[in-house]
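Note that the structure is predicted; figures quoted are calculated from it, not measured. Both backbone and side-chain heavy atoms feed into the values below; hydrogens, waters and symmetry mates do not. Indexing begins at 1, ligand by ligand and atom by atom, following the structure's order.
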Amino acid sequence: MNKKLFIKTFGCAMNMRDSEHIITELQIKENYSITENAKEADLIIINTCSVREKPERKLFSEIGIYSNIKKQNAKIGICGCTASALGEKIIKKAPSVDFVLGARNVSKISKVISIPKAVEVATNYDESNYEFCISKDSSFRALINISIGCDKKCSYCIVPHTRGKEISIPLDMILKEAEFRAKNGAKEIILLGQNVNNYGARFSNHHRKVNFTNLLQEVSKIDGIQRIKFVSPHPLHMDDEFIEEFAYNKKISKYIHMPLQSGSNNVLKDMKRGYSKEWFLNRVEKIKKLVPNVGIGSDIIVAFPTESEDDFKDTLDVVKEVGFDTLYSFIYSPRENTSAFNLEEIPRDVALSRLETLQNLHREILKSKAKKEINNTHRVMIENVIDSIEGRSDNGRLIKIEGSKEVSLGEIYDVVITKNENGSLFGKIA
Ligand code: 5AD
Ligand code: SF4
């Protein structure tokens, strides 16, 4: 009989990808089908994130909700980064949980669903050679993992603790998956890794020497793939070879995520980021010179414990200088098992006011950029046709499309920008 799986996913693209792997393994090997209704599910999975929010509170309240509404014999499984961090403590605190499966143990999903109270959370487990069932999903976008784990030691970040050491997935496996998805209709490939442009630094088995630039070149040879994106690159590994490939390879989307975290050299040092403000700005300058219309996004953490007012001003200066097109900004949140955990936190009101200042500055930057967009033409790939028609330009701008033309997901059109409302762009198909 067909069993039903309900899965709720928090966190980054990597976690979404892990959920896709879980779904495909269970569909193909265990005969599950997906349901959006937790009440009718035979298996409820919560795939968790622990990067910023206090994960425990949220996780246990979620478990409470699903334990109350689930069918009598339905199972509950906790996966992902919080599962890695808390392990068997989850089952001790919430006995209704049937198994705990950490990030990097996703390949064991078929096994754990039938072992009572299984806990598989080893962060040294190596699934880089595991051939996951490939999704028959025919959507226009395919997320493809290229590495697992992260070798960096950023002092605020929990990821090395939850996802372990960095290991690259063999090139042939990545290409096989990308080719399969392209044949099934994928037009856009998103390559995923915690530190995506460090690809090739370590393989678990013998592998010929290959780096991220080589991988981009290989993926772009695949017929049918029109746009290649990648998250998240690290500014430290943006060498000239990589930037030139990014600039000249026509299939690579001209939007790049460059997580700055802070614009102050003191704070960057305390965060153990491994680059200076000058290095970051030098990389931006080179990218802008080669790709004048590039879209640049970033992540910034405000109120890191050692951030002074002057340090924060340095961050604002870099934001003004670069003029990021997308900015994700966060208040520093202490995470257990990170080296900054014991540092004294900056008062909440100061942190909130810095966040607001940064976000206001960024809003102004976006407004002035949007004004200059009127009458520009962009190659837009359609990403949403349900509530409104929306797509993204090659340089990553979200554009709402007006007019009644029938369009399909993944198709690319020339769109002329007609209007800007508070930084949001509207356009018409040319
Ligand atoms: N506190 C606040 N933000 C964090 N991030 C990672 N760890 C923390 C933390 N402890 C942010 C970083 C990272 C993004 C995914 O989340 O900006 O790039
Ligand atoms: Fe969250 Fe980081 Fe895990 Fe992604 S890798 S789910 S952001 S903790």
Verify whether the ring centers belonging to Tyr156 and Phe341 lie closer than 6.0 Å.
no
Centres of the Tyr199 and Phe242 rings: under 6.0 Å?
no
Distance filter under 4.0 Å to Arg335 heavy atoms, resulting ligand 1 atoms
10 (N)
Within the 4.0 Å heavy-atom shell around Phe330, which atoms of ligand 1 are there?
3 (N), 11 (C), 14 (C), 16 (O), 17 (O)
Distance filter under 4.0 Å to [X] heavy atoms, resulting ligand 2 atoms:
X: Asn15; value: 6 (S)
X: Cys12; value: 4 (Fe), 5 (S), 6 (S), 7 (S)
X: Arg163; value: 3 (Fe), 5 (S)

Of the backbone and side-chain N, O or S atoms of Cys49, does one lie nearer to atom 4 (Fe) of ligand 2 than 2.8 Å?
no
Regarding Ser138 and Asn184, is there a side-chain donor-to-acceptor distance under 3.5 Å anywhere?
no
For Ile331, is the nearest heavy atom under 4.0 Å from an atom of ligand 1?
yes
Nearest neighbour in protein (non-hydrogen) for [atom]:
atom: atom 10 (N) of ligand 1; answer: Ser333 O, 2.8 Å
atom: atom 5 (N) of ligand 1; answer: Ile301 CD1, 3.9 Å
atom: atom 6 (C) of ligand 1; answer: Val51 CG2, 3.5 Å

Does Tyr332 reach ligand 1 with a nitrogen or oxygen that is under 3.5 Å from one of the ligand's nitrogen or oxygen atoms?
no
